[in-house]
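This report refers to the structure that appears directly beneath it.
Below, chains carry the letters A, B, ... as their sequence lines are ordered, and counting in each starts from 1.
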2 protein chains.
Amino acid sequence: MTELVTDAPVRPGVYLRGTETVDAILKAALSVLLDEGAAAFTIRRIAAACGMKVGNVSYHFPRKEMLIQVLLDDLFNSYDVKLELSVRQPNLSAEERLRTVIAMCLDDIASKRTTRLFTELWALANHNDFIAERVRIFYSSVHEVIGEHVAALNPRLSPDEVRTLSLFISASMEGATPFLGYQKPWANKMPAIAAISAEWFVKLAKSIEPGEISRMIEQRG
Amino acid sequence: MTELVTDAPVRPGVYLRGTETVDAILKAALSVLLDEGAAAFTIRRIAAACGMKVGNVSYHFPRKEMLIQVLLDDLFNSYDVKLELSVRQPNLSAEERLRTVIAMCLDDIASKRTTRLFTELWALANHNDFIAERVRIFYSSVHEVIGEHVAALNPRLSPDEVRTLSLFISASMEGATPFLGYQKPWANKMPAIAAISAEWFVKLAKSIEPGEISRMIEQRG
DNA sequence: ACCAAAGTTTGATAACTGTCCAGTATTCGA
DNA sequence: TCGAATACTGGACAGTTATCAAACTTTGGT
């Protein structure tokens, strides 16, 4: 278990040259993680990937853990931006908006970056509290976005029921990652799974009755 | 990328003492992987975990890759056995059998072993062909078991439609792993998600019409 | 143009990695 | 019980790891 530091990582680099170097290091670090995996994620491999000396990478990121934290912060920020954009979809019904979010999520899951990144993060989160916490915060915001649309589709549901349905929908979609993601065995089935997801998660959100989830749990507790 | 060897790994150990040692090594290797993660999965750490000398582990498993392959073979065999048992559920309707399989899968996903093991395997599969292939074969058999029940519930579906639905159901359930699995952030929601899964995946399998999936894909291609 | 701060190079450190091997101990069939 | 096969020990090997520090170059505000 790692120390859990809640402070936001400070991105190094003061002079222009420094910030450009830091950018190059982060870009190389991500490509190493995605193309070669966590085992190859070493300072030396990253330095080689951006044509730098090991000592220079080590100067900007004195601790390897710091590099990981800054990298993750950058990545999650870019995902949050994408997520914010999906909320600002005007001229669409609640149903169409939920369909859009589902399509966007599954489209993103099929990308190389997301498939590789999140499978690695889920594994690292098992024994790295910093990563576990950042992943949790990210998915909380995903659930919130989905929840807004679920609540709009079915206003009688309680906040907790909305959270439960959002979790179900989100988790179901994320499950596509190791099976239908980038270069995964059933990637060719993604259109079918995306179609079923859009249809049935909307149907689920619309037709669940208040109190029905509790009733289902009791039946088979 | 690793070399893809299709031959089944040969478990070392000829004398009784040797097989017992091999068992102890494999048990220790698994516990290291689950308790400390892939980064700690070293010969020395494994040897320490079972109170052996490094040279002895290295004698039984001259290559580290060999240890991984034998370990995975053992693990997947035990999962296959569990899966076979789930098929032999007599005196149950097709609907009840699908419900049972769903409950079993999600119950298993919530266990420490499965949560930790498969998150690690999904990550390792990104860059290790042997692991990727074994994981694929395992899930193929999972899909087949689910498919039998789906076909029984809805006999008019084509084999490909049955496969697609099985993939959807399986992937959706596996998605619970990083969110509702062992010590994961939303583990306390597992009863609710299990109830929704049992109810709605059965409903899905029963009510999808032949040709409906293709129609859904066309609508939003 | 100066010059302190920032950035970079070079080389070293100790700790760790998988693999190997000569020597020794144990096992178990003949 | 003998002895060849098997199992185990202790140590060594070359290569890798993250981190550090002294010397050198570049930067950019004054």
For nucleotides 3-6 of chain D, print each protein N/O atom paired with a nucleotide N/O atom at under 3.5 Å, atom names and distance only.
{"from": "D:dA5", "atom 1": "N3", "to": "B:Y15", "atom 2": "OH", "distance (Å)": "3.1"}

Q) Tell me: CD1 of B:I68 to P of C:dT17, nearest whole Å? A) 14 Å
Q. Should the ring pair A:W122 and B:F179 be called parallel, tilted or perpendicular, given that the plane angle runs from 0 to 90° and is split at 30 and 60?
A. perpendicular
Q: Examine B:R113 relative to B:F118 and say whether NZ or CZ is less than 6.0 Å from the centre of the six-membered ring and inside a 45° cone about the ring axis.
A: no
(Q) Please tell me if A:T21 has a side-chain N or O lying less than 4.0 Å from either OP1 or OP2 of C:dT8. (A) yes
Q: Rounded to the nearest angstrom, tell me the gap between atom CZ in B:F61 and atom C1' in C:dG18.
A: 15 Å
Q) Are A:T114 and A:Y79 linked by a side-chain donor-acceptor pair shorter than 3.5 Å? A) yes
Q) Distance-only, no hydrogens or angles: does the B:T119 side chain make a donor-acceptor pair with backbone N or O of B:T115 under 3.5 Å? A) yes
What N/O pairs connect the protein and nucleotides 10-15 of chain D at under 3.5 Å? Give each pair on its own line.
{"from": "D:dG10", "atom 1": "OP2", "to": "B:K53", "atom 2": "NZ", "distance (Å)": "3.2"}

Q) Does A:V57 or B:A39 map to a spot on DNA chain C nearer the 5' end, using the closest nucleotide for each? A) A:V57
Q) Around atom NZ of A:K112, are there more than 12 heavy atoms of other residues, nucleotides or ligands at under 6.0 Å? A) yes
Q: Report yes or no: do B:R63 and B:Q69 form a side-chain donor-acceptor pair below 3.5 Å?
A: no
Q) Pick from B:K27, B:R134, B:R11: which one makes a salt bridge (charged side-chain N to carboxylate O under 4.0 Å, His left out) with B:D74? A) B:R11
Q. Just how far, in rounded Å, is C1' of D:dC20 from NZ of A:K64?
A. 17 Å
Q: May I have the distance from B:I25 (atom CD1) to D:dA7 (atom P), rounded to whole angstrom?
A: 11 Å
Q) For C:dA6, does either OP1 or OP2 sit under 4.0 Å from a side-chain N or O belonging to A:R17? A) no
Q | Polar contact flag, side-chain donor to acceptor under 3.5 angstrom, B:N128-B:E65 | A | yes
Q. Just how far, in rounded Å, is C1' of D:dA18 from CZ of A:R63?
A. 8 Å
(Q) Output the rounded distance in Å from CD1 (A:I43) to P (D:dT19). (A) 6 Å
**Q.** Under-4.0 Å side-chain N/O to phosphate OP1/OP2 contact, A:H60 with C:dA6
**A.** no
(Q) Categorize A:T42 for me: base, sugar-phosphate, or nothing, with a 4.0 angstrom heavy-atom threshold over every strand shown. (A) sugar-phosphate
Q) Is the number of heavy atoms from other residues, nucleotides or ligands under 6.0 Å of A:K64 NZ greater than 12? A) yes
